[in-house]
Amino acid sequence: VETDTIFYKLTTVRVQKYRYEYIASGLDQFGVEGFIEDTYLKTKTPLNMDGRTTVDFNIVNIAGSYASNRFRIVFKAAAGPLPVTFVSVKAEQKDADVEVEWKVENESNMKQYEVEKSIDGTNFAIAGKVSAMNNGAAVYTWLDQKANDGWNYYRIRSVDINGKTQLTSVVKVLITKAKPAISVFPNPIVEGVLNLHLINQPAGKYGLRLLNPLGQVILAKQITHGDDNSTEKIKWDYKLAHGTYQLEITKPDGGISVIMVMY
């Protein structure tokens, strides 16, 4: 509650670098804010009230440096209502990228949102910024086009016009490299659109030819594919006869893949 203090006892340390890691859950619901006080350095670090906070410190040959009561957490009443309420935050894989989405309510006097990213769940850095719309309620998205193999961790920091910040909880996404493949969907064709999906294929120009059951070319085009994954939409002519068609894909190295498409 307001004016509470948590005392920590520091013992059996030696001259070297250390890190305190604090993990809080749901404390932001009680109208208080917390600070980690270092009585030796006379510093205060804001405590993430619903997530992780780390404090790096050194032990040196000075008594105050290794005093048992060097660290404590103090709480005080939050300075008025927050300028925004986070409703939800989530992240999901989109091909080789990760899309982060957060929903807010009661949004006013906001400056921006900062997307913070980590690959270990502990050390976060700003990966992107999104300007606030100040529409009261809104949904924001940000695309991480530099997602790492393995776990990717994200959290959102809101920043109001007075510099006050608030952090969301952490969400994570596991990125695994898919096996190289070329596929189409849906198959059979639905609603006159065929999607060509290139998975971990080399970058370059790809030639596409669509042949009818008689072997006649009814569509030919060239597309440019970047690294990793991409999807090319191919519009289908409703007037074509139903049957089995061939989609020929010529790769940048001259190799050809053939996919049978039903209509």
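Owing to the predicted nature of the structure, the values given are computational and were not obtained by experimental measurement. Counting from 1, the numbers follow the sequence of the chain as shown.
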Within the 4.5 Å heavy-atom criterion, are Leu247 and Leu194 side-chain neighbours or not?
yes
Tell me if a side-chain donor or acceptor on Asn48 pairs with a main-chain N or O of Asp50 at a distance below 3.5 Å.
yes
Is the CD1 atom of Ile119 crowded by more than 12 outside heavy atoms at less than 6.0 Å?
no
Using atom types as modelled and distance alone, determine if a side-chain donor or acceptor of Asp253 lies under 3.5 Å from a backbone N or O of Gly255.
yes
Gap between atom OG1 of Thr45 and atom OH of Tyr20 - 0.5 Å precision
13.0 Å
Close side-chain approach of Leu240 to Asn212, heavy-atom, < 4.5 Å
no
Would you sort out whether Val104 and Met133 count as a side-chain contact (heavy atoms from CB on, under 4.5 Å), showing the intermediate values?
CA-CA 11 Å; Val104 299; Met133 296 184 289; over 6 Å; no
If we ignore hydrogens and angles and just use 3.5 Å, is the side chain of Arg209 paired with the main-chain N or O of Val217 as donor and acceptor?
no
Rounded to the nearest 0.5 Å, what separation is found between the OG1 atom of Thr54 and the CD1 atom of Ile23?
10.5 Å
Are Phe71 and Tyr18 near enough that their ring centres are under 6.0 Å apart?
no
Test side-chain contact (heavy atoms from CB on, under 4.5 Å) applied to Glu232 and Leu198, step by step:
CA-CA 8 Å; Glu232 178 74 18; Leu198 303 176; over 6 Å; no
Mind checking whether Leu211 and Leu196 sit in one hydrophobic cluster, side chains of I, L, V, M, F, W, Y counted as touching below 4.5 Å?
no
If two hydrophobic side chains count as joined below 4.5 Å and joins carry through other members, does Phe86 share a cluster with Val100?
yes
Check the pair Glu33 / Phe75 against side-chain contact (heavy atoms from CB on, under 4.5 Å), numbers first and verdict last.
CA-CA 6 Å; Glu33 53 188 359; Phe75 296 92; over 6 Å; no
Shared hydrophobic cluster, Ile218 / Tyr206 (ILVMFWY, side-chain heavy atoms < 4.5 Å)
yes
Around Asp120, counting heavy atoms of other residues, nucleotides and ligands shown, do more than 12 lie under 6.0 Å from its CG?
yes
Begin with the C-alpha distance, continue with both residues' side-chain angles, and end with the deciding distance and a verdict on side-chain contact (heavy atoms from CB on, under 4.5 Å) for Val115 and Tyr154.
CA-CA 7 Å; Val115 183; Tyr154 303 90; 4.3 Å; yes
May I ask you to test the Met110-Ser158 pair for a side-chain heavy-atom distance under 4.5 Å?
yes
Quick one: pull up CE in Met260 and CD in Gln246 and give me the separation to the nearest 0.5 Å.
4.5 Å
Leu210 side chain near Leu208 side chain, heavy-atom distance below 4.5 Å:
no
Treating Asp38 as the side-chain partner and Leu41 as the backbone partner, does any N or O pair qualify as donor plus acceptor under 3.5 Å?
yes
ring-ring contact (aromatic ring centres under 6.0 Å, His included) partners of residues 114-152, not counting sequence neighbours, each pair once:
Trp102-Tyr140, Tyr113-Tyr140
Less than 4.5 Å apart, side chain to side chain, heavy atoms only: is that true for Asp56 and Lys17?
no
So do the side chains of Lys111 and Asp160 get within less than 4.5 Å of each other, counting heavy atoms only?
no
Plane angle bin for Tyr263 and His242 - parallel if under 30°, tilted between 30 and 60°, otherwise perpendicular:
parallel
Grab the two heavy atoms, one from Val171 and one from Val89, that are nearest each other, plus how far apart they are.
CG1-O, 3.4 Å
Within-4.5 Å side-chain heavy-atom neighbours: Ile189 and Tyr245
no
Do His197 side-chain atoms and Ile182 backbone N/O form a donor-acceptor pair below 3.5 Å?
no
Heavy-atom closest contact (Arg70 atom, Ile59 atom, distance)
NH1-CD1, 4.0 Å
Short question: side chain of Asn109, backbone of Ile161 - any donor-acceptor pair under 3.5 Å?
no
Would you say that Glu116 contacts Leu167 through its side chain, given a criterion of any heavy-atom pair below 4.5 Å between the two side chains?
yes
Using every non-hydrogen atom in the two residues, find where Ala91 and Val173 come nearest and quote the distance to one decimal.
O-CG2, 3.3 Å
Looking only at heavy atoms, which two atoms of Ala203 and Pro252 are closest? And how far apart?
O-CG, 3.9 Å
Determine yes or no for a side-chain-to-main-chain donor-acceptor pair under 3.5 angstrom, with Gln201 supplying the side chain and Ile199 the backbone.
yes
Does Ile234 belong to the same Ile/Leu/Val/Met/Phe/Trp/Tyr cluster as Val184, with side-chain heavy atoms less than 4.5 Å apart forming each link?
yes
Could you give the distance from CG (Leu10) to CZ (Phe57), rounded to the nearest 0.5 Å?
5.5 Å
Is the backbone N or O of Met262 less than 3.5 Å from a side-chain atom of Asn187, with the two atoms forming a donor-acceptor pair by type?
yes
Between the main-chain N or O of Gly150 and the side-chain N or O of Asn152, is there a donor-acceptor pair closer than 3.5 Å?
yes
Donor-acceptor contact present, side-chain Ser65 to main-chain Val60, <3.5 Å:
yes
Would you name the heavy atoms of Phe35 and Lys76 that are closest together and state the gap between them?
CE1-CE, 3.5 Å
Got a second to check how far Asp144's CG is from Lys117's NZ, nearest 0.5 Å?
3.5 Å
Enter the distance from Lys103:NZ to Ser88:OG here, rounded to the nearest 0.5 Å.
5.0 Å
Where do Ala132 and Glu107 come nearest, in terms of heavy atoms and distance?
CB-OE2, 4.0 Å
Start with the C-alpha distance between Asn106 and Thr85, add both sets of side-chain angles, then the distance that settles side-chain hydrogen bond (donor to acceptor under 3.5 Å, both in side chains), and finish with yes or no.
CA-CA 6 Å; Asn106 307 317; Thr85 300; 3.1 Å; yes
